[in-house]
Amino acid sequence: MAGGVSDRALFRQMFEENYEAISRYCHRRLPQADANDVAAQVFAVAWRRADSMPRGDQTLPWLYGVARNEVRTSRRSTRRLTALRIKLGGQAKYPVPGPETVVVRNAEQELLLEALATLRPDDQEILRLRAYERLTFPEVAVALGCSVEAAKKRSSRAMNRLRQATGWSEPQGAVEASRAIQEGGDE
Amino acid sequence: MNDAKMLEQFALTDAYAPETDMPASAWSRDTAFSEIERRIGMQTQTAKTSSPPPPMRQRGWLIAAAAFAVVILVVGAVILLAQPADELPPATTPPTTVVSDAGSSSWETVVLDSVGVTGQQATVLVSSDGVPVVVYQREVASDEAVVKLARCVDPACSDVTVIELTDPVRGRLGGAVLLPDDSPVFLFTESGGSGEISEGTLVVSVCSDPACSSLSDHRIAGASPMGVAVQLDGAPVFAFLTWDDGPLLYFGFCDDRDCASHTETRVEIEEEFSGIGNPEVRVLPDGSPVLFFDSGGPGSAEGETRHLLVCTDPACTSTITSDFVEPPIDGAATPSDLPLIAYVANLEVVHLIGCLDEHCVEASVLDVYRQFEGTVIVAADAVIDTDRSPFLAVHTIPLSELTMDGTHQILAVDCDDPICGSVSTGILGDGNHVSIAVFPDGGFAVATQTGRPILCLEDCVDPDDTDLSTLTLYLCLGAGCAASAISDVATAAGSVETPRDAAIAFSTEGDIYILGPETTTSAKLTDSPSWDGAPVWSPDGTRIAFHSDRNATEADEFQNYDIYIMDADGTNVTQVTNDPAGEFFPEWSPDGTRLVFARQSDTDDRYLVIVELDSNREFRLTDQTRPADLPAWSPDGSSIAFSGRTSGDCSWEGTDCNVNIYLINVDGSDLTQLTDSNGINAFPAWSPDGREIVFHTTRNDPSSTIWEISNWDIYVMSHDGVEVSALTDYAGADQMPSWSPDGKTIVFQSDRTGIPRLYTMTRINGFDATLIAPDIQRAEFPDWSPIGIP
């Protein structure tokens, strides 16, 4: 894509189609101060890697994959700032409200989020991709750069871990329902 | 609860669900897209056939092509940029290979000429027999210079012949090249006067032989040089500007080798430029000349644009011009026989612009190297290595040194592949202006002026003094001249060597490394997505304790650091602490049986804890009356020095934070304040004999909040705090000192090169700072092994 005027028009079109979703993705995962910056960076990276960007329905999941890396980089840099503060001998915490604290929730949802925080970052991400970005398994696979089968397994594992963390056991019969939902996600 | 229900509940926690409005803080589409365009920059060419030029501007148009003017422009812009630091463009970190491989070749520093104010406008060339040749000028007055030739006797430049090529002339050197028989050709201006084109005379000087026994001069009145190259028939071709109610650009084709006469072709330039800078002439394989140049410039109203003007035939009967104004074409490599030039955009990014085909219809722009925090990039020059990947020399200035007398620096930037997908960098040394050439069998020669500011503004007449400035070559021969091998340069230049048995543990970017003997190699000990830091050697040198947030989560804002121990080769990692609080900065007891560290929970200020490693039993050492951090166990084992908050608010935005160094017995008795100074006095480290404590301090910085502090110095005091003296007095940040096991040397972190790196200083050399491991950036928490390499 990178190159002439027509490429720029295509890029602008791709941006228009996907900016909102990517911006939401970043705002869900980062402090407000960082989210816009990272969202813009996702598209800057997309321009440079246009040759490897899939077209059509796979563009957005692919952009989520780029966004995931950029969010990681941003968090790492925030952590570095924290480490720097530590070395300075400063004592106070540097609270950054998480984006998920913005909405009012019921107790069940609060418990869910608390449990989510105890999962490994990769497990958290796969659940967010499914619940927030509403990706199907093939789309999750594009975003995470893995096979569809692996995406299913990882999702299932993350669900189980979440279930353990919340203490919510899976009722009899729900296994089938759960499986049906996962299968349905393949469409 | 089944998966569907859980996902449904989970989705309800989404504050930014697709059904809702966009977050109020989100950028609008237009704002976001403008920002994206800014980031992807003006880096692609749009080729267009030239048309007759529009009416040009009034006379008075500067000869920006003259290198002098370009330098003024750049320096002016640098100084302009230096004033409001907060208006600088966003800084980025250059990619760097941290683990260096010295390879088979090493860099050497060779001084070619040190008489007078010399070494300016140097162009380094390599003759057909692989010998470096430098054409440069020596300044004899503020507007007079002598053009000189330095010719090495062999590729390694074991000796050099230096001759003066011209009498003192008012004007400047304007480019040089070697003919096929290795005779130098150079352009210079005579009687440049006020700098207007019509008042200068362009001289094309051709040497009779490689040693330049005699010269043939060819003069063009009212012209200014724009660069020189060699035609296929071996005669010079050059570009120049004249003035006729506006600037006119010409190619001059010498009719023979000696340029007794020339034929000229006027080249029509499409736009009305307010200045032309950094011209470079090259010749395509079919003999057609090309000209690269800048218009605008840093600080100019219309911004800076790079142009490529390509002649469609050797006589240049028509041209194609390209403006690099759109995003880059990635992934295109310039073949080694086609033109490739380095271009510094807006003092912050180095681009490579290269032809992709033999007629240069297509050109590639690669974004190679970005300004890193605290520096500006002044100039760059590039060649294509024998492995087909570009190699650049880059002239940078740390912002902290941004004065005319500042310490300028030459970096090597080594592309790891033909399209510069990643680069390695190294510091060659000081230098102003930069020129690079590649040897036929591999290796590079970089010429620069060292030891004096860029410009000799006044009173430069002191012709016979030596070492006012020097013409310096940074030289590496052979195929192994990687930028990562450049730490050899410091040794070659006679700096203080790190003891051979040094093994300094440090952390950078969240991983732990050991710096090996002679500081040329380093080994990565941890490689995890977590943040590992503050490594400290066990007294027997076999293990390393460190803190890590590998068990931390977003929920605790990554504050749940724990203490770990690993073997000195990075294996056998064991977790020492495991609780929700954060534990930081471990230090070993001299007998290796205990650790002391700082702990911070949500409810408590930071305090010190001692843990017995065998039993895992903990003892709290300090209470809440004195928030404590950064402990250091005394060599005799009896007491622990630490940084404790005396008063004020020590958060980022807090004011009047006052931290001092305290001493406490290991049983918690006898708390004593050792320092009593304003600002932060922290990071104590005991000398091996226990007589002294070195620490860093902000006492010389008047800032009231930690955010604003920029000046950290390293001080040493007697163990009782009575005698205190400064070891460094540098305007930037010298931090995190640690003693060598023999007590003669201190390793510390400093940002003197614009980005934090490790330095050493010794008593023997009066605590002069010596950069070690220049290719390792942002190294922090250095800790010297008590026994050397394990």
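Each chain gets a letter, A, B and so on, in the order its sequence line appears, and its residues count up from 1.
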Looking only at heavy atoms, which two atoms of [X] and [Y] are closest? And how far apart?
X	Y	result
A:A131	B:A11	O-CB, 3.5 Å
A:L127	B:L7	O-CD2, 4.3 Å
A:R24	B:P18	NH2-O, 3.7 Å

Check: A:R28 side chain, B:D14 main-chain N or O, donor-acceptor pair, under 3.5 Å: no

Toward chain A, the part of B:S28 with a non-hydrogen atom under 4.5 Å: backbone

Toward chain A, the part of B:T31 with a non-hydrogen atom under 4.5 Å: neither

Enclosure of A:D57 CG (heavy-atom neighbours >12, cutoff 6.0 Å):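 No, not enclosed.
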
Criterion side chain to side chain contact (heavy atoms under 4.5 Å, CB included) on A:F15 and B:R29, from CA distance to verdict: CA-CA 9 Å; A:F15 165 82; B:R29 286 165 186 267; 4.1 Å; yes

A:E133 portion near chain B, given a 4.5 angstrom heavy-atom threshold: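 Contact with chain B: none, neither part.
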
Audit row: B:I36, A:W47, side chain to side chain contact (heavy atoms under 4.5 Å, CB included) steps and yes/no: CA-CA 9 Å; B:I36 293 162; A:W47 173 270; 5.9 Å; no

Between B:F10 and A:Y132, ring centroids under 6.0 Å: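 Ring centroids of B:F10 and A:Y132 are less than 6.0 Å from each other.
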
Interatomic distance, A:Y19 atom OH to B:W27 atom CH2 [nearest 0.5 angstrom]: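 Answer rounded to 0.5 Å: 7.5 Å.
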
Short N-O contact, B:D30 and A:R12, less than 4.0 angstrom: yes

